[in-house]
Each structure stands twice: as C-alpha cells, then as structure tokens.
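This chain uses plain numbering: 1 for the first residue, then up along the sequence.
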Amino acid sequence: ISLYSKPLDLNSADRSVLQSLFILSEEQISGILEYRKMYGKFLSAYELLSVEGFDKETVEQILPFVSIVANAKESFRSSIGNPDNNELFLRYQTTLEQKKGYTPPDTSSTGKITSRYAGNPGRIYGRYLFAKESQYSLGFTFEKDPGEQIVWDKKSSRYGLDYYSFHLMVENKWIFKKIIIGDFSMDFGQSLVFGSGVRMGKGYEPITTIRRNNMGLKPYRSVYENKDFSGIAISSGSKSLEFNVFYSLVKRDAILRADSEIDSDQYISYIQTIGLHRTLSEINAKHKLSDQSFGGNINFKTNNRKLEIGLNGICTKFSLPVQPTIKKYNQFEFKGLRNALGGVYFNYHLKNAHIFSEMAISESKGKAIAAGIVASLSSQVQISLHLRSYDKNYHSFYAEGFGENTKNANEQGVYWGIKLNPVSGLILAAYYDFYQFPWLKYQVDKPSSGKDFMFSTTYELSKQLSFRAQYRYKSKEINNTKEGFQVAQIVPKSTDRLLLDMNYWINANYSIKTRIQYSRVDFNHTRTSGFILSQDLNYTNKRITFSTRFALFDTDNYDNRQFIYERDLLYVYSVPFFYNRGARFYFLAKYQIAKKVTFWFKYSKTNYFNIDTIGSGLEEIDGDNVSNISLQTRLRF
C-alpha cells in the first residue's frame, strides 16, 4: 500500500529496496542493477522491457509501484518548499450495533458492579506527514480505539486521545546518513535481533517472502501501539561501511503484581501488546513498565556489492523484573530485569541467486540460526530453501524472522519452495515446510511437530481473464481433547484448504472477481468443514473508484473459519474471518473531490442465520447482524 502511494525510484533503489517489492525474481533484480551500471539511469519504466528477465506482463504488473525521478538533487533548504509528501489523513470507524461494553453496568452474583468500556465505540485516527525523499521526514500519528475514553488524566497516562507517535528524520546531512528523533524501527539481517513491519511468512508467493530485506533504520509511522523504539537513532558511514547506533525509552503496558498485599517488591507477570485501554483493568495496565534499550549495527559491503556482512547488538533493561506465571509450556520464557543479545549476518549475491544467513545468541545462552537461498535457475524456474533453528530459551523482543511460531523460539524447520513459468501466462508455485517444536507449547504438553504444503496455479488466459487455484494442507500435533487420559496425549490435527478464483476485466473500468474457499479439518476421528463464496464488482476511473462484495459462508465450527482479503480504506489492511452461517456485504468508494482532496467511504454488514448473539464478553451484540461504517479523507497541501 505504501509503495502504491509513494512508488520507489528505479534509478536509486538498491537491491534490498527492489527485494521489498516481493514481485521481482533475483534474475530481474540483477538485471535492473546491471542495466543501470552499463547504460545509466532509466528514462522510462518501459525501458525495463530491455532488461533480461522482463516481459510486457511483468512491467505492467510493477508499474504502479515504481517511478522515474529525473530531477537533480535539491539543496536541503530549497527542498523544504518542495516536499514529496505534505498530507493529512483523518479517519473515523464505528460499529452501528450496540455491544455489551457500552450498555449500563449491572450487578454480578457476587454483588460487584460489572465492567464496562470507559469511552464510546468510535475509532479516531489521524496522520500527518511532511517529507522529501533522501532529505527529511516529519510526521505524527494519533489514534483512539473503540471503547477508549478521550480524557486528560496524568495518573493513568492518558492525554486526550489514547495513542500518539512522532518522528523527525534528517537524511544525508553533514557526516550522517540518518538522524531520527522520536519513534523508529530497525530491520537488519534476517530479523533475529532487529525486525519490523509485517512478517510475510508462507502463502501464495513461495520464493521471495522467506527472506527479510535489510531495510535498516526507518521512522515508525504505524498505529500498532507496541512499538519497538522511541528515542534517538543515528546512521553514519560510507557506501562500504555503515554504523547505526540508538538509545530508546518506551513505556509499555503490563500487569503489575506483588507476592502479597504487604509486599513492596513488585514485578511484572505479563507484558500486554494489544494496545487497548477500554476497561478499568486495561487502563490500570497502561505504561506500568519502562523499557530502556541501547545498541546498534555495523554493516559492511564489498565494493562490488555482492557480499554484505553485519553485526547486531542490543541491551534492554526493564524498570521492574518480569516474572511470568510459571506453566508447563513457558518455563524457558524471559524472566528478569535485563536481556542482551547479539548476532552476525551475511548476504551474498551471485548473478541470479541470493544466499543469506543470521546467527544470534541471547544472554540466556539461547541461540537462533536462520539461513537460506533464493535463486532464479532460469527465467522459467525459481527456487528457495530456508533452514531455521531457534532454541527454546532464545529471547528477542524485536525478532520477526521466518517461522511457524509467533516468537522466534522453540522451533526447528526446513522449507522448500519452487515457482515455474513454463509458458506465457501460466505460473505454478509450491512449497513444503516441515517443523518441530523441541519443547512444550500452549495446549501441547509434549514436544511436537507439523508440516505445511501448498500448491497453486495461476493462468492468465488473456489480458481480461485469469484463473487461480490453490490447495494447502497443514498438520500439527496438539493435545487430545478426549477425557480419560492420565498422561497427556498429542494427536495430529490436519486442515485442508482449497481456493478457486476468477478475475475478469469487462472493460477498462469494470472488473469482477469470483472466489470460493473450502476447508476440512480432521481431529480425533471427527471431520468438520466450511466454505465461503464471494462475488466482487469493481469500478475505477480518474476520480471515482468503488468496490462491492456479496459473500455467503457456512462453517461447522471455529476451526473452519474462512479468512478472506477484502478491499478497505487506504493504509487499512483487512483480512476478516467468518464462521457459523451467514452472509457478508460491503461497499467501498473512493472519490477525488479535488486535486488535493480525496474521500473514502466503506459500509459493511454481516448477517448470521444460525445464532442470536454475536461475539462474547463485552464485545457481545444481542442480535444476528453487525454493521460497520468507515470514513476517511486525505488532504494534500
């Protein structure tokens, strides 16, 4: 989404930036770099047709995400009056039906007043950005989640809206490549020490998503409240040798405990990452823990840019000791006041291959290793291989490396991927991933294993019509839910998922998309299933764009919930899931009111056929339907 709003410059993007597209093969990336080296800057994106590995279809696919910047570099002073971005986003979202959390409180059976949300159901979001590529970036973000209160209360760390983020970055000034004050993130190596953004993981694309791209030091602009760092970060050095150092102090939400009412020694039993402050307990957890971190990165590249070697290091100290409630599966999780870890990584680029690896160790002596290769054997064949081994006592609070677990710990795995383009318009893709968990997991009381397989085929019959079919099989061992076992028994739980979709461009303005998804779950000699059928209609012209969908779903249980991507407001990524039986409808419209003013509107409604209440707890709705409205505007100055 961000690349669509601000396309990358084909004349300045390095290998890591080109890899971040997740579209280009190693052959195509190497071809772009070699072309620039031999012939100089691109004058048009269609020059890519002269680059090895590119055809007309591929060029048209990446056109929305690339640009040609032909202007000479401006001075810092003159660039202030000519920013690339000077825009303000404002967004409001709400659920029309009343949830239990917004009803008057009542009295429980024990005589206590029941909990309710402190604020109203509206979500408020705003973001301002003033930036010039390779010069500067100034931005701030604010948000109030549904149920949160707009209040000024220093005791509970609430100052108007619930969440704020700010950054000021200056680039290529004096001896510094970057200076960031405020919120920032770091992404080096395979993200076993420093990682940020979305972990792509396994999916429709089996090749490029298994590796992390060395995106380095970046401003943090997200509304995910469990941000990595806030303070100051500096990057300096030459083209071959770069240094990144930082200091950060972040307030985090946490559950505060003491061994007894008279015990003054407090500790943290749980660090909350949901970022919600709606009820009294959530408000009381806000900013109870200080996270003080410092560290850095050293990155070396050879003159031919083929070999890259780097060192990562970080030390984190908490204001209170972390002592999670001990259970069978979490005995090796982080405990204490301080965590330090370091790692070394390398990237080596052959002409059409990328070999990568990172090895890291935490203060607990836990180790993590990730290594792999992505290669184009020819313009028709791409392959990938990824190996990983994460100790059960490896502790990294900012890791986003490739893996099956949420955290990069207690996992070993081998992944293979292949992508074939045997004839024009036909793409075959597959991967196989086998993994083991040497220690216990939540709801798995023994060491366990699993496997994951995917095969997909995409066929573009013409410019107007394309088809896709995808099959995915996943099997994991979990606790046997049947009673009568004195010792924990683990059994496989397998899931088959089938997806079929068709895209058809009726003309230059209208397109339709039809999709059907089916799942089947086998567990404890019981088989359940579910499906969703959706029909989309999309329209676009210079000023108006709209998308609409009608979908029917029917699932036996939660295990068969159906995930399906749907279009949403700009910078809102939406993959809702559905279970039970019902219908889903949404309408999304974008209207460019004026050259510098754009407006978005979305209405969605889900109606359930077999239940009378939706959700649970304070999110419960008394009824069989739920409706949402979203409004957004962008003002460019």
Could you walk me through whether E148 and R123 pass salt bridge (charged side-chain N to carboxylate O under 4.0 Å, His left out), step by step?
-> CA-CA 9 Å; E148 294 177 340; R123 172 182 276 114; over 6 Å; no
Given side-chain contact (heavy atoms from CB on, under 4.5 Å), test R515 with R468 step by step and report yes or no.
-> CA-CA 9 Å; R515 168 177 288 197; R468 178 160 72 104; 3.0 Å; yes
Do N628 and T95 pass the side-chain hydrogen bond (donor to acceptor under 3.5 Å, both in side chains) test, and can you show the C-alpha distance, the side-chain angles, and the key distance before you say yes or no?
-> CA-CA 4 Å; N628 295 279; T95 300; 2.7 Å; yes
Which is it for I207 and S25 under the side-chain contact (heavy atoms from CB on, under 4.5 Å) test, yes or no, and what are the steps along the way?
-> CA-CA 8 Å; I207 306 298; S25 67; over 6 Å; no
S627/E97 under side-chain contact (heavy atoms from CB on, under 4.5 Å): CA gap, chis, key distance, verdict | CA-CA 7 Å; S627 309; E97 289 75 20; 3.0 Å; yes
Could you walk me through whether T606 and R584 pass the side-chain hydrogen bond (donor to acceptor under 3.5 Å, both in side chains) test, one step at a time?
-> CA-CA 4 Å; T606 306; R584 167 78 168 178; 2.9 Å; yes
Any chance you could lay out the salt bridge (charged side-chain N to carboxylate O under 4.0 Å, His left out) test for R278 and E282, step after step, and finish with the verdict?
-> CA-CA 6 Å; R278 305 161 299 178; E282 290 174 351; 2.8 Å; yes
Verdict with reasoning, R634 to W600, per side-chain contact (heavy atoms from CB on, under 4.5 Å) | CA-CA 9 Å; R634 176 177 64 188; W600 287 263; 3.7 Å; yes
Run the numbers on Y415 and F402 for ring pair (Phe, Tyr, Trp, His ring centres under 6.0 Å), then give the verdict.
-> CA-CA 10 Å; Y415 172 101; F402 182 85; 5.3 Å; yes
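Aromatic ring pairs are classed by plane angle as parallel below 30°, tilted from 30° to 60° and perpendicular above 60°; the pair F229 and F184 is parallel. Ring-plane geometry between F601 and F587 is classed as tilted, the angle between the planes lying from 30 to 60 degrees on a 0 to 90 degree scale.
Between the R252 side chain and the K227 main chain, a donor and an acceptor come within less than 3.5 Å of each other. Of the possible donor and acceptor atoms, none in the side chain of D183 sits under 3.5 Å from a partner among the backbone N and O of H167. Judged by distance alone, the side chain of D568 and the main-chain N or O of S574 form no donor-acceptor pair under 3.5 Å. For N11 (side chain) and A13 (main-chain N/O), no donor-acceptor pair under 3.5 Å exists by modelled atom type. T495 places no side-chain N or O within 3.5 Å of a backbone atom of S519 that could act as its donor or acceptor partner. Under the 3.5 Å distance criterion, the side-chain polar atoms of R636 are left unmatched by any main-chain donor or acceptor of N85. Judged purely by atom type and a 3.5 angstrom limit, Q535 has no side-chain atom pairing as donor or acceptor with the backbone of L537. A donor-acceptor pair is defined here as one N or O able to donate and one able to accept, closer than 3.5 Å; such a pair exists between the side chain of R543 and the backbone of I593. Q98 places no side-chain N or O within donor-acceptor distance of the main-chain N or O of L96, the cut-off being under 3.5 Å. In this structure, N509 contributes its side chain and T540 its backbone to a donor-acceptor pair below 3.5 Å.
Within the 4.5 Å cutoff, side-chain heavy atoms of E225 are placed close to those of E143. Put simply, the side chain of T555 does not reach to within 4.5 Å of the side chain of F578, judged on heavy atoms. A 4.5 Å side-chain heavy-atom check between Q19 and T208 finds every atom pair outside the cut-off. In this structure, the side chains of R567 and Y586 come closer than 4.5 Å at one or more pairs of heavy atoms. K590 has its side chain out of reach of L570: every pair of non-hydrogen atoms, C-beta onward, lies at least 4.5 Å apart. For the pair Y136 and L168, the minimum side-chain heavy-atom distance is 4.5 Å or more. Side-chain atoms of Y504 and T514, non-hydrogen and from C-beta on, never get closer than 4.5 Å to each other. K286 places a side-chain heavy atom less than 4.5 Å from the side chain of D162.
Taking the ring centroids of Y518 and F531, they lie at or beyond the 6.0 Å cut-off. Note: Y473 and F453 fail the aromatic proximity criterion, with ring centroids not under 6.0 Å apart. A ring-centre distance under 6.0 Å is not found for Y459 and F467.
Rounding to the nearest 0.5 Å places OH of Y163 at 12.5 Å from CZ of F142. A distance of 11.5 Å separates CE in M186 from OH in Y398, rounded to the nearest 0.5 Å. Atom CD1 of I614 sits about 6.5 Å away from atom CG of D624, to the nearest 0.5 Å. To the nearest 0.5 Å, atoms OH (Y102) and CD (E619) are separated by 6.5 Å. Of the inter-residue distances, the one linking I629 atom CD1 with Y92 atom OH reads 9.0 Å to the nearest 0.5 angstrom. How far CG of L569 is from CZ of R91: 6.0 Å, rounded to the nearest 0.5 Å.
Applying the ring pair (Phe, Tyr, Trp, His ring centres under 6.0 Å) rule to pairs touching residues 605-631 yields F553-Y608, sequence neighbours excluded.
Applying salt bridge (Lys or Arg N to Asp or Glu O under 4.0 Å) to D496 and the options R520, K474, R472 leaves one that passes, R520. A ring-ring contact (aromatic ring centres under 6.0 Å, His included) with F140 holds for exactly one of F166, F130, Y128; it is Y128.
Heavy-atom contacts from other residues, nucleotides or ligands closer than 6.0 Å to NZ of K596 number 12 or fewer. In this structure, K407 places its NZ atom where only 12 or fewer heavy-atom neighbours from other residues, nucleotides or ligands lie under 6.0 Å away. Within 6.0 Å of CG in D106 there are more than 12 heavy atoms belonging to other residues, nucleotides or ligands. Atom CZ of F563 has more than 12 neighbouring heavy atoms from other residues, nucleotides or ligands inside a 6.0 Å radius.
Among residues two or more places apart in sequence or in another chain, the salt bridge (charged side-chain N to carboxylate O under 4.0 Å, His left out) test is passed with E47 by none. Every salt bridge (charged side-chain N to carboxylate O under 4.0 Å, His left out) that D536 has, sequence neighbours left out, goes to R549.
Residues G401 and N408 share a closest heavy-atom pair of N-OD1, 2.7 Å.
In this model, no donor atom of one side chain and acceptor atom of the other lie less than 3.5 Å apart for T613 and D622. There is a side-chain donor-acceptor pair under 3.5 Å between T103 and R116. Between the side chains of N560 and S529, no donor-acceptor pair of N or O atoms lies under 3.5 Å. Side chain to side chain, S547 and N538 meet the donor-acceptor criterion of an N or O pair below 3.5 Å.
A cation-pi contact, defined as under 6.0 Å to the ring centre and within 45° of the axis, links K493 to F523.
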